[in-house]
Amino acid sequence: MAKGGVTMEGADTALAEIEPIRLRLFDWWSRYARDLPWRFGRTTPWGVLVSEVMSQQTQMSRVVPYWTAWMKVWPDAASLAAAPKAEVITAWGRLGYPRRALRLQECAQQVAGQYADRLPRDYGQLVALPGIGDYTASAVMSFAYGERIAVIDTNIRRVLSRVFLGHESTGGAASREERQLAGQVLPEDEAQESFRAEDGGLEDAGAEDSGGQEGSGRLGSADPQIRSAAWRDPPSARWNQAVMELGATVCVARKPACDICPLAGHCRFLKAGLPGLGAGRTRPRQRFAGTDRQVRGAILQALRQASGTPVSRKDLEPLCEDEIRLDRCIASLDEDGLLEIGRDGRLSLPR
DNA sequence: GTCCAGCCTA
DNA sequence: TAGGCGGGAC
């Protein structure tokens with residue numbers, strides 16, 4: 001119980017400065033937030049969900065072109081639900097972890113079939129969808145719907161832990177202390193500020209908005225005024241996004257840019273001299289070179305490039321010295337539903 | 001070499 | 001709770 005109800009003694013000092021911290025972070029956010037096309041209310045809740053799934057373990061900058069092309073072809077759950085798997089896998093391109101693409105389509109099928117093509121505005125229903133875990137469900141609730149909910153991801157854990165607790169976030173699942181802290185620092189929302197509170201909201205705002213902003217998804221080179229006009233995120237949603245953004249661009253894992261950090265004056269970690277910087281990070285990464293994952297990726301890429309023409313196993317042998325491994329990877333891709341094996345033994349993307 | 005807006009299964 | 005699962009940026 002010493003753990004449960006106990007306040008975070010160590011965080012008290014910093015928590016007392018929560019208001020100036022919020023002001024500084026919000027100001028920083030208004031100046032430096034990246035102008036990603038799914039931000040600032042320019043897409044639907046479904047579009048937000050797609051961006052979050054694509055961003056799982058993948059940097060935002062890599063996601064942007066994929067997301068833009070994807071949403072053009074499949075702007076809603078229903079259209080994605082009806083797409084051929086091969087096209088979905090191909091459109092996923094080299095984003096990595098292609099099983100995410102299949103799960104996203106399964107998710108689309110459930111949304112289209114069970115929810116009349118309207119993404120649920122309920123954490124429990126979201127988290128029950130394929131490929132949607134705690135983070136993504138929370139992110140959609142906050143970013144797409146403006147609901148007040150603490151979002152917990154690796155960036156937020158790192159930033160909050162550093163600023164308020166003065167040490168690095170631990171590996172593994174979020175600790176109880178981290179979750180409690182995230183809830184404590186989350187701003188309250190004024191009822192009237194809660195944007196998209198009314199039913200409908202921007203459910204169909206898709207891509208019209210300002211006439212002719214098509215593909216770019218940008219608002220010119222960041223006129224703060226234009227941007228802020230589009231900002232209707234309630235404080236809690238802005239906070240979640242701003243903390244994440246700070247973690248992604250300034251308060252990074254290995255070499256944080258404390259010299260330009262808006263929270264430097266309030267950061268317990270910095271004050272303490274960055275003890276154990278970079279330590280206690282998430283579990284060690286698996287190597288990629290020479291693993292099944294690399295071979296799986298190469299096989300899939302070959303199938304994409306074959307664009308529908310079945311490929312023989314023989315043609316894949318150059319991708320992998322070890323034939324045992326090659327066959328194992330083919331089998332696992334088959335099990336994952338990422339490829340099909342024809343009667344003649346040739347391989348292709350599933351239909 | 002490390003890290004990344006994680007999720008799922010055993 | 002541990003381990004599998006891409007690929008690129010730095």
Side-chain angles (χ1 to χ4, degrees), chain A residues 33-34 36 38-39 48-67 89 92-104 106-107 126-144 149-160 168-175 182 237 239-257 277-304 319 325 328-329 331-333 335-338:
Chain A
R34 289 171 292 179
L36 303 169
W38 49 83
R39 284 181 171 170
V48 172
L49 182 143
V50 172
S51 79
E52 293 302 336
V53 171
M54 286 183 169
S55 301
Q56 292 165 3
Q57 295 289 284
T58 306
Q59 290 88 341
M60 288 287 184
S61 53
R62 291 180 53 205
V63 167
V64 172
Y66 288 94
W67 183 89
I89 294 168
W92 197 258
R94 302 181 72 81
L95 269 178
Y97 296 133
R99 295 189 297 190
R100 289 184 294 169
L102 295 185
R103 294 204 188 105
L104 182 57
E106 291 165 27
C107 174
L126 288 170
V127 83
L129 292 167
I132 310 302
D134 171 70
Y135 163 73
T136 305
S138 304
V140 168
M141 289 296 284
S142 177
F143 308 159
I149 184 172
V151 174
I152 310 277
D153 84 314
T154 182
N155 285 315
I156 288 183
R157 288 177 62 190
R158 181 175 58 250
V159 172
L160 296 186
E168 292 284 35
S169 175
T170 58
S175 67
W239 171 261
N240 284 326
Q241 293 177 92
V243 176
M244 287 178 71
E245 184 86 341
L246 191 71
T249 62
V250 175
C251 191
V252 295
R254 185 63 61 173
K255 295 202 288 196
L277 175 64
R281 54 185 182 286
T282 55
R283 73 182 140 111
R285 298 274 122 186
Q286 302 173 270
R287 280 277 54 78
F288 176 54
T291 64
D292 284 9
R293 281 158 59 216
Q294 182 180 37
V295 176
R296 283 167 52 105
I299 294 170
L300 226 43
Q301 183 61 10
L303 296 187
R304 283 191 204 97
L319 299 178
R325 181 191 292 276
R328 184 171 68 233
C329 288
S332 73
L333 285 169
E335 284 174 32
D336 286 344
L338 285 165

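In this text, all values refer to a predicted model and were calculated from it rather than measured experimentally. Heavy-atom basis, side chains included; hydrogens, waters and symmetry copies ignored. Every chain is numbered from 1 and lettered A, B, ... according to where its sequence line falls, protein lines coming before strand lines.
A distance of 9.5 Å separates CD of A:Gln241 from CG of A:Leu36, quoted to the nearest 0.5 Å.
In this structure, A:Trp239 has no ring pair (Phe, Tyr, Trp, His ring centres under 6.0 Å) partners at least two apart in sequence or on a different chain. In this view, A:Arg62 satisfies the side-chain hydrogen bond (donor to acceptor under 3.5 Å, both in side chains) rule with no residue, not counting sequence neighbours.
Residue-level contact check: A:Asp134 touches the backbone only, with heavy atoms under 4.0 Å from sugar-phosphate atoms and none from bases. Among the protein residues, A:Arg99 comes within range of the nucleic acid bases, having at least one heavy atom under 4.0 Å from a base atom. Within the 4.0 angstrom heavy-atom criterion, only backbone atoms of the sugar-phosphate kind lie near A:Ala253; the bases stay farther away.
Annotation: salt bridge (Lys or Arg N to Asp or Glu O under 4.0 Å) contacts involving residues 49-60 of chain A, sequence neighbours excluded, are absent.
Residue A:Gln57 places at least one side-chain N or O under 4.0 Å from the OP1 or OP2 atom of B:dG6. Between A:Arg158 and B:dC4, a side-chain N or O to OP1/OP2 separation shorter than 4.0 Å is present.
Closest to the side chain of A:Leu36, from the set B:dC7, B:dA5, B:dC3, is B:dA5.
Across B:dA5 and C:dC5, the matching P atoms stand 22 Å from one another, rounded to whole Å. Separation of the P atoms belonging to C:dG6 and B:dT9 is 15 Å when rounded to the nearest angstrom.
Defined by atom type and a distance below 3.5 Å, a donor-acceptor pair is present between the side-chain atoms of A:Thr136 and A:Gln56. In this structure, a donor-acceptor pair under 3.5 Å is present between the side chains of A:Arg296 and A:Ser332.
Nearer to the 5' terminus of DNA chain B, by closest-nucleotide assignment, is the contact made by A:Gln59 (compared with the other of A:Thr136 and A:Gln59).
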Check: protein-nucleotides 8-10 of chain B nitrogen or oxygen pairs below 3.5 Å:
from: B:dC8; atom 1: OP1; to: A:Gly131; atom 2: N; distance (Å): 2.7

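We find that A:Glu245 and A:Arg34 are joined by a salt bridge, their nearest charged nitrogen and carboxylate oxygen being less than 4.0 Å apart.
Taking 3.5 Å as the limit, the base of B:dA5 and the side chain of A:Arg34 contain a donor-acceptor pair of atoms between them.
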Go through the steps for A:Val64 and A:Trp38 under the test side chain to side chain contact (heavy atoms under 4.5 Å, CB included), then give the verdict. CA-CA 9 Å; A:Val64 172; A:Trp38 49 83; 3.9 Å; yes

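With a heavy-atom cut-off of 4.0 Å to chain A, the contacted part of DNA chain C has its first and last nucleotide at C:dG3 to C:dG8.
Side-chain N or O atoms of A:Arg158 include one that pairs as donor or acceptor with a backbone N or O of A:Cys251 at under 3.5 Å.
DNA chain B lies under 4.0 Å from at least one heavy atom of each of the following residues of residues 241-251 of chain A: A:Met244, A:Glu245, A:Ala248.
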